[in-house]
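Notes to accompany the following structure.
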Amino acid sequence: MKKFVLIVASLVLVFSTFVTVVGQGYTKEPADAKIITLGVAGTAYASLHPGVRGGTFYASSISGPKKWNDVTAHETSTTMCTGMMLRGLTTLNPITLAIEPELAKSWDVSKDGLTITFHLRQGIKWSDGQPFTADDVIFTYNDLYLNKDVKTDTRDVLQLPDKSFPVVTKVDDYTVKVTTAVVFRPILASLAANILPKHALAQDVHKLNPKVPAGNFNTTWGLSTPPSELVGMGPYIVSSYTPDQNIVMVRNPYYYHYDSNGTQLPYFDKYVILIVASQDVSLLKFQNGELDALGIRATDVPILMPQAARKHYNVLVKPDVPNYGTTWVGINQDIGLKEGTHTDLRALFRNLAFRKAIAYSIDKQTIIKNLFNGLGVPQWSPVSYLSPFFAGRDSYGGPVTEKDAVIFPYDLKKAASLLDSIGIVDTNGDGWRDYKDGKTVEITLTTNSGNTLREGECLIISNDLRKIGLKVTFTPVAFNTLVNQLFSSTGEMILLGLTGGPEPNNGANVYRSSGGLHFWHYSGKTDPTEVEKQVDQLLKEGVSTLDNNKAFAIYKKYQLLLASQDLGLVYLVNGSFTYAYYDKVGNAGVSSPVSTPSANGGITDICYFK
Amino acid sequence: MKLSGLRALVVVACAVALLSVLGLGYTVSNLETIASNELIPEISAAAGMALASSYASTMTAAALEDMAVNGRTIGLRTAASGALAILYRTKTEDELTAIITGTADPMIRAAAINSMVIYLVSTKSDKKDFKLTDYLKGLATTGKTHEMRLAAAEAYYFANRGKLKAADLEAQAAKSDSDELAYAAGETLAGFYLSFDAKTQAQLEDLAINGKTKGMRVAGSIALASLLIKSDKTANDFETTLLSIAGTKTAAYRNAYKIALAERFGS
């Protein structure tokens with residue numbers, strides 16, 4: 001399960017540089033090792049090649065992690081590291097996108113679909129050499145994800161339609177039973193949530209160790225934790241972290257993935273993430289050979305092409321493959337609620353006509369043409385274009401026809417007329433629209449500084465809004481400031497992005513009125529709007545059927561409702577998949593929106609240096 | 001004295017680099033032989049380009065700086081300059097600025113360009129109304145040295161890349177506020193000729209030879225080099241072409257073959 005996380009990063013607060021102590025590794029391949037069938041005909045990996053071990057791979061991140069605690073993390077700057085360190089019971093195959101066994105080697109589902117018995121891999125170990133057992137799974141679910149003392153978005157995606165949660169019980173050391181009170185279609189996807197080591201963390205959980213204060217786990221595995229104390233089951237573990245400079249990860253000697261030749265994965269000895277505060281600088285560093293691969297933007301393609309052949313790198317451009325995830329302008333309907341300020345602005349933001357006016361003011365085609373070099377599609381739904389549940393399809397997994405798409409075509413006249421209709425007009429002739437009391441409507445539009453694409457989008461949007469008399473000021477701010485604004489409901493209009501995936505329920509932490517990332521209307525948790533109530537209901541219904549076709553129909557309603565009647569998030573544009581990597585990185589050509597060598601997702605550990 | 005010191009270092013370079021270059025069919029020793037022969041400057045320089053990474057790992061900055069200035073041929077000077085560009089990646093902004101605007105030989109100043117671009121793109125200022133692109137454009141026109149102006153020009157087009165299309169770049173490559181801006185516009189334009197506004201090899205060859213301005217010829221040349229590298233032509237083919245066009249056509253056209261040959265040599 002990949003819960004939606006904000007594509008954000010933050011400034012590093014605490015300095016820590018330590019060296020990790022790791023075990024020696026397996027003496028022989030564990031019987032229950034997971035075999036990645038590279039080059040084996042008839043498998044998902046047939047077109048790939050077994051590699052050789054060695055070398056240091058260099059990737060970059062716009063910011064360092066905020067913590068090492070995957071359970072409480074919201075942001076990709078953290079999860080890109082923790083995702084390397086940890087694994088779940090299940091996972092998405094990076095090539096086929098099918099759910100497949102991960103820490104579980106298999107499972108049985110009861111006839112009524114309410115009980116799943118997971119058979120865990122035996123003989124595999126944590127990075128410190130301790131055995132992995134059912135106790136780790138029980139600990140992770142019962143004492144972390146389902147423990148209300150722990151702040152985690154994962155609980156949102158584990159919640160069942162009847163508001164109960166899966167019951168996770170131990171059968172024996174290598175068997176775990178998961179029971180749900182009602183049918184929960186995405187249960188296998190939700191159980192991809194990372195498993196944490198009980199032996200390393202139990203003492204930090206108040207429920208298990210009353211000597212530590214309530215909520216203690218929320219600050220466990222913070223940046224001040226020496227990396228030597230971090231333990232994982234993933235391909236890499238953190239070796240050192242130097243704030244604002246780099247994160248060095250080393251191969252987990254007990255990783256249980258092996259290739260078809262019997263070589264233990266991952267292939268790289270080290271995986272270094274350089275912290276580069278600007279995407280532009282990352283691009284130049286890639287061109288300079290300082291990074292081995294890089295997620296790029298459409299505007300980077302012409303810059304990279306002239307040297308691609310000479311410097312032996314590839315520029316992957318897939319115009320027909322939009323990236324997963326969403327970008328949007330969030331309109332904060334709770335602005336000033338806690339503080340008792342911004343009464344007029346809050347009322348305006350809560351008016352659907354206003355939010356529609358914003359939607360009509362967004363010139364997606366110009367954004368695509370000018371900022372994406374034509375490589376993008378307009379976005380209107382919270383569900384990713386590539387998902388089989390995307391409402392632009394006519395049926396589950398069918399072709400995208402966009403027949404039912406809720407499009408707000410760029411129409412400034414219509415936007416102006418909507419503002420007129422709610423009494424937001426220029427009363428004093430100064431060119432700016434005013435509230436009914438004559439005070440000018442002033443709005444700040446924010447995004448994270450350094451992201452030139454988002455800054456460009458903000459400029460286009462604010463320019464158009466000013467054309468219709470809305471006094472919008474674009475102010476880029478640092479990531480951590482933006483994140484604070486988001487979680488404290490103090491930002492007015494924010495342009496940002498969310499990760500995405502095939503399963504719509506993984507967005508429950510965002511779109512459910514009580515979701516941990518329902519940041520444009522946190523007060524919906526206690527006082528939901530009628531539309532939010534319907535959205536909550538549809539989210540329930542979508543997971544209550546095992547029939548994907550029925551689920552598709554439900555999620556279609558959900559998407560149409562959010563896009564036409566909620567508009568808490570006004571969607572922008574989804575860029576096509578573009579990626580750059582050096583020829584020397586074997587297996588990198590299989591990169592897709594789901595997985596790339598420079599971002600966690602399954603192919604990181606099968607890439608190698610030729 | 002300089003020569004003997006240099007020779008000793010080159011021997012070390014051979015021993016280490018043999019391992020890495022042999023696989024491509026060219027040893028450091030082969031390449032040094034080619035780089036040392038300046039009969040066809042482009043062939044000599046291509047070998048120098050291919051030697052750069054080897055020299056960067058085996059020679060000191062001081063030795064390379066000496067070689068960049070006093071190397072006997074353009075090939076050896078190119079090798080040293082290219083190697084210095086690799087070593088200069090760890091220099092601070094102040095150190096690079098001192099090199100690129102100083103009185104060092106142009107081959108040394110040129111080595112600072114790539115890394116300088118990274119700093120320039122990241123320039124921040126507390127000045128009210130500071131606009132990065134304006135600053136870079138100004139520096140590309142008034143910078144103290146050609147190399148500084150070129151770094152600023154490259155940074156300018158990099159920072160502006162989302163806003164400029166092929167037509168804009170064509171106009172700027174044809175006529176710009178400085179030679180460096182025109183040149184950098186041509187470099188950026190080449191990317192469009194290889195992607196969104198793709199041109200055929202024949203069109204690029206024509207542009208590299210008959211382009212009306214240096215900027216347009218650069219665009220043709222750089223894009224042409226990419227197509228040549230992707231072709232099935234061998235180093236021998238490229239050498240033959242360079243021999244046949246020696247001193248003719250345009251520098252931009254010959255440069256495309258030089259870059260392609262350097263790639264075949266293992267740069």
Side-chain angles (χ1 to χ4, degrees), chain A residues 274 276-291 296-317 319 366-375 449-457 459-460 476 478 575-576 578 580 583-584 610, chain B residues 23 49 53 56 85-86 88-90 114-124 132 154-155 157-166 169 186-198 218-219 221-231 256 258-264 266-267:
Chain A
L274 301 181
V276 183
S278 150
Q279 288 177 302
D280 284 355
V281 175
S282 279
L283 183 62
L284 290 166
K285 282 183 176 289
F286 173 80
Q287 274 190 302
N288 239 2
E290 295 172 54
L291 300 174
I296 58 169
R297 299 151 292 183
T299 47
D300 300 336
V301 174
I303 288 285
L304 286 173
M305 289 305 290
Q307 296 188 58
R310 183 163 74 83
K311 292 195 169 178
H312 303 282
Y313 59 74
N314 290 283
V315 181
L316 274 182
V317 177
T366 292
I367 290 174
I368 291 172
K369 186 171 154 234
N370 290 356
L371 301 179
F372 288 80
N373 274 332
L375 294 173
S449 53
N451 186 319
T452 51
L453 195 55
R454 288 182 186 161
E455 288 174 350
E457 287 174 312
L459 285 171
I460 290 172
S576 302
T578 46
D583 291 353
K584 66 181 179 182
K610 294 176 185 169
Chain B
M49 288 165 73
S53 63
I86 295 169
Y88 284 175
R89 285 176 190 166
T90 54
N114 283 353
S115 296
M116 194 70 219
V117 171
I118 296 180
Y119 285 116
L120 289 173
V121 165
S122 319
T123 304
K124 299 262 189 302
L132 179 65
E154 289 184 354
Y157 283 106
F158 183 89
N160 250 331
R161 68 192 182 287
K163 296 170 193 141
L164 298 169
K165 300 297 166 204
L169 290 163
E187 287 182 313
T188 312
L189 183 56
F192 281 89
Y193 289 167
L194 291 166
S195 56
F196 302 111
D197 297 273
V218 165
S221 169
I222 290 174
L224 174 61
S226 274
L227 297 193
L228 293 174
I229 291 168
K230 286 180 188 164
S231 73
K258 177 185 82 179
I259 291 169
L261 178 60
E263 192 277 340
R264 292 296 190 267
S267 74

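In the text below, chain A, chain B and the rest are named by the order of the sequence lines, each starting its count at 1. All heavy atoms count here, side chains included; hydrogens, waters and symmetry mates do not.
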Spell out, as yes or no, whether a donor-acceptor pair under 3.5 Å connects the side chain of B/Arg89 to the backbone of A/Asn288.
yes

Would you say the side chain of A/Gln287 lies within less than 4.5 Å of the side chain of B/Asn114, judging by non-hydrogen atoms?
no

Is it the side chain or the backbone of A/Leu453 that comes within 4.5 Å of chain B heavy atoms, both, or neither?
neither

Side chain from CB out, backbone as N, CA, C, O: work out which of these in B/Val117 comes under 4.5 Å of a heavy atom of chain A, or both, or neither.
both

Contact origin within B/Ala190 toward chain A - heavy atom pairs under 4.5 Å:
both

Could you pull out the closest heavy-atom pair between B/Ser226 and A/Met305, with the gap in Å?
OG-O, 3.7 Å

Rounding to 0.5 Å, atoms OG1 (A/Thr299) and CG (B/Asn160) come to a distance of 11.5 Å

Please look at B/Phe196 and chain A and tell me whether the side chain, the backbone, both or neither of the residue comes under 4.5 angstrom of a heavy atom of that chain.
side chain

If the condition is side chain to side chain donor-acceptor pair (under 3.5 Å), which residues does A/Gln307 pass it with, not counting sequence neighbours?
A/Lys311

Between the side chains of A/Asn370 and B/Lys165, does any donor sit under 3.5 Å from an acceptor?
no

When only pairs under 4.5 Å are counted, which of A/Leu304, A/Leu371, A/Asp280 shares the most heavy-atom pairs with chain B?
A/Asp280

Can you tell me how far apart CG (A/Leu284) and OG (B/Ser122) are? Round to the nearest 0.5 Å.
7.5 Å

Would you say A/Lys610 has more than 12 foreign heavy atoms packed within less than 6.0 Å of its NZ?
yes

Looking at A/Asp300, A/Val315, A/Val301, A/Val317, which makes the most heavy-atom pairs under 4.5 Å with chain B?
A/Asp300

